[in-house]
Amino acid sequence: MALKYHVKTFGCQMNHSDSERVAAVLENVGYLSTEKIEDADFVVFNTCSIKQKAEDKVYGLMSNMVSLKKKNNRLVVSITGCMVRKTSTRLSDVRDRLTRLEPVDFVFRIDDSAQIPDLIKQIKPELDFGSVKESEEGSLDSYFKINPKYTNRFQGLVPIMSGCDKFCAFCIVPYTRGRERSRSIEEVYSECKKLVENGCKEVTLLGQNVNSFGLNARENPDGFIQHIQGSTMYGKSDAVGLKKTPFTQLLERLDTLKKLGLKRVRWTSPHPRDMTDDV
């Protein structure tokens with residue numbers, strides 16, 4: 001009997017994009033998608049913490065999961081997303097950090113999605129997924145290189161960065177997503193180009209601070225410096241001598257895809273601090 005999975009997604013478009021990568025990992029090892037949570041052998045709750053109400057929805061589903069586990073001894077339940085604080089992916093200490101979620105077998109950071117099959121095997125060692133390549137611990141690159149299972153042929157969700165360096169007093173994102181980390185322009189362009197070649201007409205660029213793309217000096221030794229004394233500075237010029245932020249350069253690069261059929265580029269969510277003139 002084939003194993004089935006169900007991903008329950010809460011929150012923003014970034015979480016929905018994350019779920020597409022989780023689905024791709026599971027289908028790569030033989031799981032089949034099911035719309036009915038009652039039929040699933042592996043359930044993932046991709047969670048949101050932007051409001052307490054979002055977490056309460058997850059808590060409210062746990063009693064149902066207890067009942068489903070009694071009916072299906074193969075069922076494994078996992079949690080990822082923003083309710084999982086920025087700690088290592090692990091099987092232990094679930095009860096310490098998520099004490100109200102009794103039926104949960106393990107939690108994992110979304111960065112570590114490639115490790116899901118290995119974590120399931122630790123719970124159900126009788127399952128055989130064959131050879132599964134693990135992601136490097138904490139490596140966002142490995143996560144971004146997962147080929148997503150896109151759920152919409154004509155509208156593609158493409159994450160370009162993750163995390164936040166703003167540390168606003170009211171917001172938990174820096175503690176759940178970590179510091180800002182960006183993909184390369186070419187990597188984003190390649191994913192968008194593949195989407196367009198397959199018929200996609202609209203791409204939405206995703207990030208917690210999407211217009212902060214490429215500004216992290218730790219990842220951009222070529223001269224881009226982020227937020228020096230309250231203002232943003234840019235180091236290197238493009239080919240025509242105009243100083244442009246990496247986000248502007250990315251948008252201009254993606255604009256070349258209109259000749260292949262791309263009609264629209266959207267993005268969310270921008271931060272006012274990085275809404276510069278060139279953007």
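Just so you know, residue 1 is the first one in the sequence shown, and it goes up from there.
In this structure, T204 has no side-chain hydrogen bond (donor to acceptor under 3.5 Å, both in side chains) partners at least two apart in sequence or on a different chain. Judged as a ring pair (Phe, Tyr, Trp, His ring centres under 6.0 Å), and not counting sequence neighbours, the contacts of Y31 are F129. S78 is linked by a side-chain hydrogen bond (donor to acceptor under 3.5 Å, both in side chains) to nothing, counting only residues two or more places apart in sequence or in another chain. Looking at residues two or more places apart in sequence or on another chain, you find a salt bridge (Lys or Arg N to Asp or Glu O under 4.0 Å) between E191 and R21, R183.
Side-chain N or O atoms of T256 include none that pairs as donor or acceptor with a backbone N or O of E252 at under 3.5 Å. Counting only distance, with no hydrogens or angles, the side chain of S49 and the backbone of C82 share a donor-acceptor pair below 3.5 Å. Judged by distance alone, the side chain of N152 and the main-chain N or O of Q155 form a donor-acceptor pair under 3.5 Å.
C164 contributes atom SG, which lies 5.5 Å from atom CD of E180 (distance to the nearest 0.5 angstrom). Atoms CG and CZ, from D255 and R253 in turn, are 11.5 Å apart once rounded to the nearest 0.5 Å. Atom-to-atom distance recorded for E202:CD and L195:CG is 11.5 Å, nearest 0.5 angstrom. The structure places CZ of F106 at 9.0 Å from OG1 of T80, a figure rounded to the nearest 0.5 Å. Rounded to the nearest 0.5 Å, atoms CG (L257) and SG (C192) are 6.5 Å apart. Rounding to the nearest 0.5 angstrom, the gap separating the CG atom in N209 from the OG atom in S162 is 10.5 Å.
There is a path of hydrophobic side-chain contacts, each under 4.5 Å, that joins L205 to M161. Cluster annotation: M14 and V173 are assigned to distinct hydrophobic clusters (Ile/Leu/Val/Met/Phe/Trp/Tyr, side-chain heavy-atom contacts under 4.5 Å, transitive). In the hydrophobic clustering of this structure, Y59 groups with V84; members are Ile, Leu, Val, Met, Phe, Trp, Tyr whose side-chain heavy atoms approach within less than 4.5 Å, directly or through other members. L157 and F10 end up in different hydrophobic clusters when Ile, Leu, Val, Met, Phe, Trp and Tyr side chains are linked at under 4.5 Å. By the rule that hydrophobic residues join a cluster once side-chain heavy atoms approach within less than 4.5 Å of another member, L75 and V66 end up as members of separate clusters.
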### side chain to side chain contact (heavy atoms under 4.5 Å, CB included) evaluation trace for V22 with N46
CA-CA 9 Å; V22 169; N46 191 357; 5.6 Å; no

### Message
Using side chain to side chain contact (heavy atoms under 4.5 Å, CB included), reason through T47 and E55 one step at a time and then give a plain yes or no.
### Response
CA-CA 7 Å; T47 61; E55 294 194 359; over 6 Å; no

### Task
Could you walk me through whether V279 and D274 pass the side chain to side chain contact (heavy atoms under 4.5 Å, CB included) test, one step at a time?
CA-CA 9 Å; V279 174; D274 297 313; over 6 Å; no

### Query
Yes or no on salt bridge (Lys or Arg N to Asp or Glu O under 4.0 Å) for K244 and D278, after CA distance, side-chain angles and deciding distance?
CA-CA 6 Å; K244 298 180 181 180; D278 63 304; over 6 Å; no

### Query
Could you go step by step and tell me if K145 and E187 meet the salt bridge (Lys or Arg N to Asp or Glu O under 4.0 Å) rule?
CA-CA 9 Å; K145 290 176 181 176; E187 187 177 329; 5.5 Å; no

### Task
Kindly determine whether T151 and E20 satisfy side chain to side chain donor-acceptor pair (under 3.5 Å), including the steps that lead there.
CA-CA 7 Å; T151 54; E20 291 179 345; 2.9 Å; yes

### Task
Decide side chain to side chain contact (heavy atoms under 4.5 Å, CB included) for M62 and V104; before the verdict, give the C-alpha distance in whole Å, the side-chain angles of both, and the deciding distance to 0.1 Å.
CA-CA 8 Å; M62 289 302 108; V104 176; 4.2 Å; yes

### Task
Tell me, with the steps shown, if R273 and D165 meet salt bridge (Lys or Arg N to Asp or Glu O under 4.0 Å).
CA-CA 12 Å; R273 190 173 184 176; D165 287 347; over 6 Å; no

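Considering every non-hydrogen atom in both P246 and L215, the closest pair reads CD-CD2, 3.5 Å. Summarising the geometry of S17 relative to L206, their closest heavy-atom pair is CB-CD1, 3.6 Å, with the distance given to 0.1 Å. Considering all non-hydrogen atoms of both residues, K166 and S212 come closest at NZ-OG, 3.3 Å. Between A54 and C48 the shortest heavy-atom distance is CB-O, 3.5 Å. Closest of all the heavy-atom pairs between F154 and G199 is CD2-O, 3.4 Å. Heavy-atom minimum distance, S182 versus G214: OG-N, 2.9 Å.
Inter-residue side-chain proximity for R177 and I110 is flagged as met; some heavy-atom pair is nearer than 4.5 Å. A heavy-atom distance below 4.5 Å is not found between the side chains of M83 and F45. Using a 4.5 Å heavy-atom threshold, the side chains of M65 and L68 count as touching. Annotation: side chain of K124 is not in contact with side chain of D41 (no heavy-atom distance under 4.5 Å). Side-chain contact between L250 and V188: present, with at least one pair of heavy atoms (C-beta onward) separated by less than 4.5 Å. Side-chain contact check for V44 versus Y5: every heavy-atom pair is 4.5 Å or farther apart.
Within a 6.0 Å radius of NZ in K57, other residues, nucleotides and ligands contribute 12 heavy atoms or fewer. Within 6.0 Å of the NZ atom in K69, the count of heavy atoms belonging to other residues, nucleotides or ligands exceeds 12. Heavy atoms from other residues, nucleotides or ligands lying under 6.0 Å from CD of E35 number 12 at most.
The ring-ring contact (aromatic ring centres under 6.0 Å, His included) contacts involving residues 177-197 comprise nothing, where partners must be two or more places apart or lie in separate chains. Pairs of residues two or more places apart, or lying in two chains, that qualify as ring-ring contact (aromatic ring centres under 6.0 Å, His included) and include a residue from residues 243-279 are F247-W267.
Checking L127, V29, N28, L26 one by one against P117, the side chain to side chain contact (heavy atoms under 4.5 Å, CB included) holds for a single residue, V29.
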